[in-house]
Amino acid sequence: MDRTVSIISKNFKKYNIESIDEYLSLGGFKALEKAFDLGPKGIINELNASGLRGRGGAAYPTGKKWEQASRVPGHRKVIICNADEGEPATFKDRYLLQYDPYKVIEGMIIAAITFNANEGYIYIREEYKYLHDKFRRAIQLSKEKGFLGENILNNGFNFDITVFSGAGAYVCGESTALIESMEGKSGRPRLKLNRTSEKGLYQLPTLANNVETLAAVTSILYTGGEEYGKYGTPSSRGTKLISLCGNVNRPGAYEVPFGVTLREIVYDIGGGIKEGKALKFLQLGGASGAIVPPSLLDLKYCYEELGNKGIDIGSGAVLVADETNRVVDFLKSVQDFFLHESCGKCTPCREGNRQITKILNRFVTGEGSVEDLKTIERFSNVMKYASFCGLGKTAPTALLSAIEHFPIEFYQQIHRVRKTS
Ligand SMILES: Cc1cc2nc3c(=O)[nH]c(=O)nc-3n(C[C@H](O)[C@H](O)[C@H](O)COP(=O)(O)O)c2cc1C
Ligand code: SF4
């Protein structure tokens with residue numbers, strides 16, 4: 001049974017992005033026309049009806065975020081599309097940029113109408129350099145057709161988009177660090193004294209959203225909020241793009257309705273584990289996400305059912321690891337990532353990552369101790385509660401969930417020392 005759906009991903013590989021006419025023939029920019037008719041309030045009503053939540057990781061309701069933002073006064077306002085996508089195992093935003101850039105552009109213009117902004121930026125990670133010019137071309141073609149620039153579709157509204165290249169730091173996906181880096185400062189999160197919607201880029205009112213969120217806005221206006229909201233579960237409505245990867249037969253970006261089970265994702269959509277091997281664990285939401293054992297495969301992929309088990313959907317990554325993977329080795333690679341990406345601004349994350357890496361190395365080589373296990377749990381909890389931003393708060397998630405579900409893998413690495421000493 002095919003458990004995928006085709007709403008946000010409807011146009012993937014269906015048209016040549018060099019041709020805006022092909023996008024138009026698929027109903028492109030119809031959502032924008034509707035947005036002008038609806039106006040800001042009508043757009044927000046559609047988003048509220050759809051139940052859309054931000055797809056950048058925090059899952060804040062988009063209708064509510066835009067409603068709050070639309071009340072912020074200001075003559076010069078900014079829209080930012082967050083295409084940093086630095087979360088390991090996550091590539092669903094890349095699919096949107098690569099196969100349907102106009103849908104993202106359309107979503108940005110709809111955001112601009114709602115927020116009354118005339119300036120837009122898309123912050124694309126450096127590693128997607130090959131997409132920068134393609135996106136610039138899509139902007140140019142949209143401008144030539146009157147969808148961007150001055151007096152858009154004769155509605156007296158002006159809006160333009162500039163491509164901004166990130167420099168490859170994971171923390172720059174965090175919206176305030178992203179803004180700092182756009183201002184030419186080092187990419188470190190800001191103390192949030194004000195909302196970004198009030199004081200963001202250059203202290204201007206700024207509305208920042210994820211690529212998938214903005215593409216979903218276009219699809220929602222096109223199909224109607226109620227209609228989109230019919231997919232999913234009562235409290236996780238709609239659909240989600242997932243990045244399925246690892247030891248699975250059919251990796252790729254797929255759109256699923258919320259409520260599909262993890263088992264369906266791995267075995268029906270992903271075609272099961274490569275070479276018929278057994279599943280060892282999943283990691284959901286990228287490096288900052290939890291390790292999920294096979295016993296939880298029948299959980300529904302939705303915010304509430306996973307949330308009840310302390311698992312976040314996050315960026316939508318679903319990484320599959322087969323029986324040949326050792327949990328401690330996997331955690332070591334996750335830990336190396338966070339050690340490298342910690343920006344160093346706050347002590348819990350800077351020092352916590354350093355110390356946890358040292359201790360984890362001992363488990364990898366079979367030199368761990370019971371005391372070590374207690375220490376990494378203690379340090380992890382300090383990081384979780386005392387780190388300055390989401391990077392440090394979520395860095396120990398995989399480790400803590402692995403200790404919960406796979407304690408034996410740690411104890412085996414202690415016993416080996418006893419045997420040999
Ligand atoms: C360390 C870190 C990295 C992040 N990376 C991204 C990212 O690559 N893309 C993204 O859209 N949001 C990312 N976020 C979340 C953003 O801060 C922000 O919540 C999101 O872009 C808001 O958009 P949304 O409401 O559409 O989800 C990251 C957050 C943290 C803490
Ligand atoms: S939690 Fe880590 S990434 Fe975030 S501010 Fe602190 S040191 Fe930087």
Side-chain angles (χ1 to χ4, degrees), residues 8 47 52-69 79-94 96-97 104 107-108 111 115 121-128 166 168-181 186-192 195-197 200 206-217 220 240-241 243 285-289 303 312-317 337-354 356 382-397:
I8 300 167
L47 295 184
L52 177 69
R53 301 201 210 173
R55 304 296 194 226
Y60 191 78
T62 308
K64 198 168 158 192
K65 176 168 167 172
W66 286 23
E67 206 274 322
Q68 287 162 344
I79 298 294
I80 294 177
C81 174
N82 186 341
D84 195 50
E85 196 161 63
E87 185 74 56
T90 308
F91 45 85
K92 46 99 186 172
D93 290 342
R94 168 163 62 79
L96 282 162
L97 301 177
V104 180
M108 288 182 73
F115 195 46
Y121 298 90
I122 179 161
Y123 186 101
I124 309 181
R125 64 182 301 191
E126 158 72 14
E127 292 85 343
Y128 293 170
Y170 168 62
V171 72
C172 286
E174 195 279 342
S175 51
T176 62
L178 181 151
I179 286 169
E180 288 281 292
S181 81
S186 60
R188 292 198 169 109
R190 279 182 185 172
L191 187 61
K192 292 189 184 88
R195 286 199 174 141
T196 304
S197 58
T206 302
L207 180 60
N209 278 108
N210 170 257
V211 174
E212 183 188 348
T213 312
L214 291 163
V217 166
I220 286 164
K240 177 82 190 83
L241 282 182
S243 314
S288 61
Y303 295 113
D312 278 334
I313 280 178
S315 62
F337 170 76
F338 283 113
L339 179 65
H340 185 258
E341 294 298 331
S342 169
C343 81
K345 176 169 177 150
C346 71
T347 310
C349 173
R350 185 185 62 242
E351 296 306 322
N353 274 312
R354 198 170 296 173
I356 289 175
V382 171
M383 286 176 65
K384 191 168 150 185
Y385 296 108
S387 291
F388 186 81
C389 84
L391 188 149
K393 286 182 202 298
T394 59
T397 304

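Every number for a ligand or one of its atoms is a count from 1 in the order of the listing. Since this is a predicted model, take the numbers as computed values, not measurements.
What sits closest to atom 11 (O) of ligand 1 on the protein, heavy atoms only, is N210 ND2, 2.8 Å. For atom 26 (O) of ligand 1, the closest non-hydrogen atom on the protein side is T213 OG1, 2.7 Å. Closest protein heavy atom to atom 6 (Fe) of ligand 2: C346 SG, 2.3 Å. Remark: minimum distance from atom 29 (C) of ligand 1 to any protein heavy atom is reached at E174 CA, 3.7 Å. Scanning the protein heavy atoms around atom 15 (C) of ligand 1, the nearest turns out to be G56 O, 3.7 Å. The nearest heavy-atom contact from the protein to atom 16 (C) of ligand 1 is G173 O, 3.5 Å. Distance from atom 7 (C) of ligand 1 to its nearest protein heavy atom, with residue and atom name: N82 OD1, 3.7 Å. The protein atom (non-hydrogen) at minimum distance from atom 19 (O) of ligand 1 is A58 CB, 4.3 Å.
Checking side-chain atoms of T176 against main-chain N and O of R190 turns up a donor-acceptor pair under 3.5 Å. The closest donor-acceptor contact from the side chain of T397 to the backbone of T394 lies under 3.5 Å. Side-chain atoms of E180 never come within 3.5 Å of backbone atoms of G187 as a donor-acceptor pair (strictly under, hydrogens ignored). Although no hydrogens or angles enter the test, the distance criterion places a donor-acceptor pair under 3.5 Å between the side chain of E87 and the main chain of S288. In this structure a side-chain-to-backbone donor-acceptor pair under 3.5 Å is present from K65 to A208.
Contacts with ligand 1 closer than 4.0 Å are made by backbone heavy atoms (N, CA, C, O) of A208 only, the side chain lying farther away. At a 4.0 Å heavy-atom cut-off, ligand 1 does not touch E87 at all.
Atom OG of S243 is separated from atom CG of D93 by 7.5 Å, given to the nearest 0.5 angstrom. Atoms OG1 and CZ, on T213 and R53 in that order, are 12.5 Å from each other to the nearest 0.5 Å. One distance of note links CG of L207 with OG of S197; it measures 7.5 Å at 0.5 Å rounding. Note that the NZ atom of K92 and the CD1 atom of I8 stand 9.0 Å from one another [nearest 0.5 Å]. A distance of 11.0 Å separates CZ of R188 from SG of C389, quoted to the nearest 0.5 Å. Distance CZ/F388 to OG1/T347: 12.0 Å, rounded to 0.5 Å.
Residue contact check: C349 has heavy atoms under 4.0 Å from atoms 1 (S), 2 (Fe), 6 (Fe), 7 (S) of ligand 2. For ligand 2, the atoms sitting less than 4.0 Å from at least one non-hydrogen atom of G344 are 7 (S), 8 (Fe), numbered in the order shown with element in parentheses. Taking a cut-off of under 4.0 Å to the non-hydrogen atoms of G86, the atoms of ligand 1 that pass are 8 (O). Close approach of ligand 2 to S387 (heavy-atom distance below 4.0 Å) involves ligand atoms 1 (S). The distance from ligand 1 to the heavy atoms of K65 drops below 4.0 Å at these ligand atoms: 22 (C), 23 (O), 24 (P), 25 (O). Within ligand 2, the atoms closer than 4.0 Å to a non-hydrogen atom of S342 are 2 (Fe), 7 (S), numbered from 1 in the order shown. Listed by number with element, the atoms of ligand 2 under 4.0 angstrom from any heavy atom of V171 are 3 (S). For ligand 1, the atoms lying closer than 4.0 Å to a non-hydrogen atom of D84 are 8 (O). Interface of G392 with ligand 2, defined as ligand atoms under 4.0 Å from a residue heavy atom, comprises 1 (S). Atoms of ligand 1 lying under 4.0 Å from at least one heavy atom of G54, given by number and element, are 24 (P), 25 (O), 26 (O), 27 (O). Remark: ligand 2 atoms within the under-4.0 Å shell around heavy atoms of F388 are 1 (S), 5 (S), 6 (Fe).
Close N/O approach between G57 and ligand 1 is not found [any backbone or side-chain N/O within under 3.5 Å]. For ligand 1, the polar-atom distance check against E85 finds a nitrogen or oxygen pair separated by under 3.5 Å. Close N/O approach between S175 and ligand 1 is found [any backbone or side-chain N/O within under 3.5 Å]. Where the criterion is an N or O separation shorter than 3.5 Å, residue side chain and backbone included, G390 fails it with respect to ligand 1. Remark: ligand 1 and N209 share an N or O pair separated by less than 3.5 Å (distance only, no angle test). Residue contacts with ligand 1: Y170 is placed with no nitrogen or oxygen under 3.5 Å of a nitrogen or oxygen of the ligand (distance criterion only).
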Salt bridge (Lys or Arg N to Asp or Glu O under 4.0 Å) evaluation trace for R94 with E85: CA-CA 8 Å; R94 168 163 62 79; E85 196 161 63; 5.5 Å; no
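Contact check for L47 versus V217: side-chain heavy atoms found under the 4.5 Å cut-off. Side-chain contact between R350 and K345 is absent, with no heavy atoms from C-beta onward closer than 4.5 Å. The side-chain heavy atoms of I80 and S175, taken from C-beta on, include no pair separated by under 4.5 Å.
A donor atom on one side chain and an acceptor atom on the other are not found under 3.5 Å apart for N82 and N209.
Ion pair E67/K64 not flagged as a salt bridge, since none of the NZ, NE, NH1 or NH2 atoms sits closer than 4.0 Å to an Asp/Glu carboxylate oxygen.
Put simply, C389 gets within reach of atom 4 (Fe) of ligand 2, with an N, O or S atom under 2.8 Å from it. C343 lies apart from atom 6 (Fe) of ligand 2 in this respect, since none of its N, O or S atoms is found at a distance under 2.8 Å.
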